[in-house]
Every structure is written in C-alpha cells, then in structure tokens.
Amino acid sequence: MEKQKRWQFAIILIVFLLTLYNILPTIIYYSKPLKSPITEKRAEDIAKDVADRVNQLEPQAKEWIGSFCT
C-alpha cells in the first residue's frame, strides 16, 4: 500500500470537523431539558393526535401498497 499523503490526512480532518460542526448544534439543542414536564393529559392528547394522523393515512397506504402489487 502507498503511504498516506499529508493532504489526504488534512482532507479527512476537515471533513470530520465540518461534520462535527454541523451535528453539534443539534446535540446541544436536544440535550437541554424541557421547560416544563409533560403532564398525563398532554401526553394522552399527543397520543390521540398521532393515532388520528396514522388512521387518516391508512387509505393512502393501502393504495400505495396496491400499486406495488399490480
């Protein structure tokens, strides 16, 4: 194998640092705690909303699966 050149190491390091620079704000944002805890009522409302959205997508999902079967 050829010896790795210095500029190749620099490119690898730059790509790594840019990736870290792009990911770091997301990690910091999601590591902060919520301003207020989610109550049981709020959790039930969120779960109901999610279930309603999933149920609304059911006919579209059946059509999509049917298009693959034909």
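Keep in mind that this is a model prediction, so the values were computed, not measured.
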What distance do Ser67 atom OG and Ile65 atom CD1 have between them, rounded to the nearest 0.5 Å? 9.0 Å

Atom CD1 of Ile38 and atom CD of Glu44: how far apart are they, to the nearest 0.5 Å? 12.5 Å

Can Val15 be reached from Trp7 by stepping across I, L, V, M, F, W or Y side chains whose heavy atoms are under 4.5 Å apart? yes

Kindly compute the distance separating CD (Glu40) from CG (Asp45), expressed to the nearest 0.5 Å. 11.0 Å

Not counting sequence neighbours, which residues clear ring pair (Phe, Tyr, Trp, His ring centres under 6.0 Å) with Trp64? List them please. Phe68

Once rounded to the nearest 0.5 Å, what's the spacing between atom CD1 of Ile28 and atom CD1 of Ile23? 12.0 Å

Are any of the side-chain nitrogens in Arg53 or Asp49 under 4.0 Å away from the carboxylate oxygens of its partner? no

Answer yes or no: are there more than 12 heavy-atom neighbours, outside Leu17 itself, under 6.0 Å from its atom CG? yes

Are Lys62 and Glu58 within salt-bridge range, i.e. N to O under 4.0 Å? yes

With rounding to the nearest 0.5 angstrom, report the CG to CG distance, Leu13 to Leu18. 9.5 Å

Of the non-hydrogen atoms in Thr26 and Asn22, which two are nearest, and what is the gap between them? OG1-O, 4.2 Å

